[in-house]
Amino acid sequence: MPMDVAAKVLADNLCALMCAAAHASAMASADKRCAPTSALNILQRALPRLLLPLADLPTLLADTLFMMARSLERRQPARTTLAPVAGPNPIRIWPTRGDWT
């Protein structure tokens, strides 16, 4: 169990580090953010190729950062007003059959 937690924390930290690097390499504006789920999926696909010394590491790293930079999302502003409140339920307002007489 503690090993699972440590692996999750390590994966989250790697994902945050790669997101920050992708954000900096894309020179994205401040209104864009890295989606953690898509970045984690990209990192899961790229991690075996990055760890095995079969290919050129800098090009694989650049490709991974490019994929993460491509998946940056525009940040949605917070809602400034509350959602409109629905009116009263008309079934509870209308008189019942016995009240008509």
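With sequence neighbours excluded, the residues that form a side-chain contact (heavy atoms from CB on, under 4.5 Å) with V9 are V5, N13.
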Exercise answer: donor-acceptor pairs, residues 46-65 side-chain atoms, under 3.5 Å, sequence neighbours excluded:
unit_1, atom_1, unit_2, atom_2, d
T59, OG1, D56, O, 2.9
T64, OG1, L60, O, 2.8

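Residue L17 is found outside any hydrophobic cluster, as its side-chain heavy atoms come under 4.5 Å of no other Ile, Leu, Val, Met, Phe, Trp or Tyr.
In this structure, CG on L43 lies 9.5 Å from CE on M67, to the nearest 0.5 angstrom. The CG atom of L40 sits 8.0 Å away from the CE atom of M68 when rounded to the nearest 0.5 Å.
Residue pairs meeting the salt bridge (Lys or Arg N to Asp or Glu O under 4.0 Å) criterion with at least one partner in residues 6-17, sequence neighbours excluded, are K8-D12.
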